[in-house]
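Input: a single structure, listed below in structure tokens.
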Number of protein chains: 2
Amino acid sequence: MTTATQFEQFNALCKEAGITPTQQRLVIWQTLTEMHNHPSPEDVYVRVKPQLPTVSLATVYKNIHLFIDTGMFREVSMHHGTLRIETNSALHHHLVCRKCKSIFDLDAKQLSGFPIPQSLPDGFVAEQFSIDVLGLCAACRKSKP
Amino acid sequence: MTTATQFEQFNALCKEAGITPTQQRLVIWQTLTEMHNHPSPEDVYVRVKPQLPTVSLATVYKNIHLFIDTGMFREVSMHHGTLRIETNSALHHHLVCRKCKSIFDLDAKQLSGFPIPQSLPDGFVAEQFSIDVLGLCAACRKSKP
DNA sequence: CTATCGAACGATAATGATTATCGTCGCTGA
DNA sequence: TCAGCGACGATAATCATTATCGTTCGATAG
């Protein structure tokens, strides 16, 4: 159920993002704020469907991307699309451009002595770290749009 | 061109990994060691093709996965292959199980003291960090195979 | 040396996620 | 009221990846 304040908050967010507030967007946004895990578009769709029986999966996709592009939500991984093989066996970070999704290596001597946290929840055993620095590469900074 | 020592090294790696050294695997492995970026299976395929004109893309995929599963190479991102939305707006990082790919949130305080690299190359503008702790979740540790 | 057996290959169909297309709907302003 | 436009819904198309399956290769037993 959407409260009045949530509705106002959503309208304010849309104004800020420069997008039209619609019923579908409200329900999708509201659903996302209620989910505290890392849902896929399909997950969102099945939760939205009962409230908007005529909604299309394509609409869910379109609006999720809209939310991400306007900064209302983030995606978990900036490089999820296709399988990429790591050919650099040295310890290093990644620079990931959020626009063109290209990946640059960043040598990380600083990381060599990184203290592994001992108390990870749920019996999780850590083996390795992977650090992404997200931002904009030089090429994408130049091309404004 | 594969040298004698590379050939020996590859054979040793295969023995260690418990897989059969084949001509296709040698060429794919050799190609990967020569590429210093983050190639996709398709990228690898087009470089392997001239040396093995009859090779199939499926074979490239199968052997890349074999290399990854046996630890001869790693993949860049351990995350799901699908889009996931981040619904936790608090500063946090991720525990990622390398087997079932499930993602757990890790409060940022548990990773405090992380050394942030200062000088980024190529005019890259950093906006945000994302740290993945890779390992095995409790459930996957129990199930041996 | 030849027959046999299983692993690896190659070709291709199938799948799953995502995106593009396109006709329709509903709101806003003339 | 009517035109224009953005958003929607349905669905076709695309792209990466995986599964299937018949064939081939190589090691080994006879």
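Each chain gets a letter, A, B and so on, in the order its sequence line appears, and its residues count up from 1. A quick note: this is a predicted structure, and the numbers were derived from the prediction, not measured.
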**Q.** Interatomic distance where CZ belongs to A:Arg25 and C1' belongs to D:dG6 [whole Å]
**A.** 8 Å
Q: Round to the nearest Å and state the distance from B:Leu57 atom CG to C:dC9 atom P.
A: 14 Å
Q | Side-chain N,O (A:Thr22) to OP1/OP2 (D:dC8) below 4.0 Å | A | yes
Q | B:Asp43 versus B:His38, side-chain donor and acceptor atoms under 3.5 Å | A | no
Q. With nearest nucleotides of DNA chain C determined for A:Pro41 and A:Lys62 from heavy-atom distances, which residue corresponds to the more 5′ nucleotide?
A. A:Pro41
**Q.** A:Phe67 CZ to D:dA7 P, straight-line distance once rounded to whole Å
**A.** 12 Å
**Q.** For the student: nearest non-hydrogen atoms of B:Pro41 and A:Leu83, plus distance
**A.** CD-O, 3.2 Å
Q. Nearest to the side chain of A:Ala58, which nucleotide is it out of C:dA17, C:dT21, C:dA20?
A. C:dA20
Q. When you check the phosphate oxygens OP1 and OP2 of C:dC9, does a side-chain N or O of B:Ser56 lie under 4.0 Å from one of them?
A. no
Q. Any idea how A:Trp29 and A:Phe10 line up, ring-wise: parallel (<30°), tilted (30 to 60°), or perpendicular (>60°)?
A. tilted
Q: Verify the contact: side-chain N or O of A:His65 to OP1 or OP2 of C:dT18, cut-off strictly under 4.0 Å; return yes or no.
A: no
(Q) Any side-chain N or O of B:Thr59 below 4.0 angstrom from OP1/OP2 of C:dG10? (A) yes
Q.
Tell me the interatomic distance from B:Asp69, atom CG, to D:dT17, atom C1', rounded to whole angstroms.
A. 14 Å
Q | Short side-chain donor-acceptor distance under 3.5 Å, A:His92 and A:Glu86 | A | yes
Q. For B:Asp43 and D:dT17, what is the distance between atoms CG and P respectively, to the nearest whole Å?
A. 10 Å
Q | Whole-Å gap separating P (D:dA7) and CD (A:Gln24) | A | 11 Å
**Q.** Gap between atoms NZ and C1', on A:Lys49 and D:dG9 respectively (whole Å)
**A.** 9 Å
Q) Which listed nucleotide (D:dT17, C:dA8, D:dA19) is nearest to the side chain of B:Thr20? A) C:dA8
Q | C:dG10 phosphate, OP1 or OP2, under 4.0 Å from B:Thr54 side-chain N/O | A | yes
Q) Taking OH from A:Tyr61 and P from C:dT21, how many angstroms apart are they, rounded to a whole number? A) 18 Å
Q. How far does OG1 of A:Thr31 sit from CG of A:Leu52, to the nearest 0.5 angstrom?
A. 8.0 Å
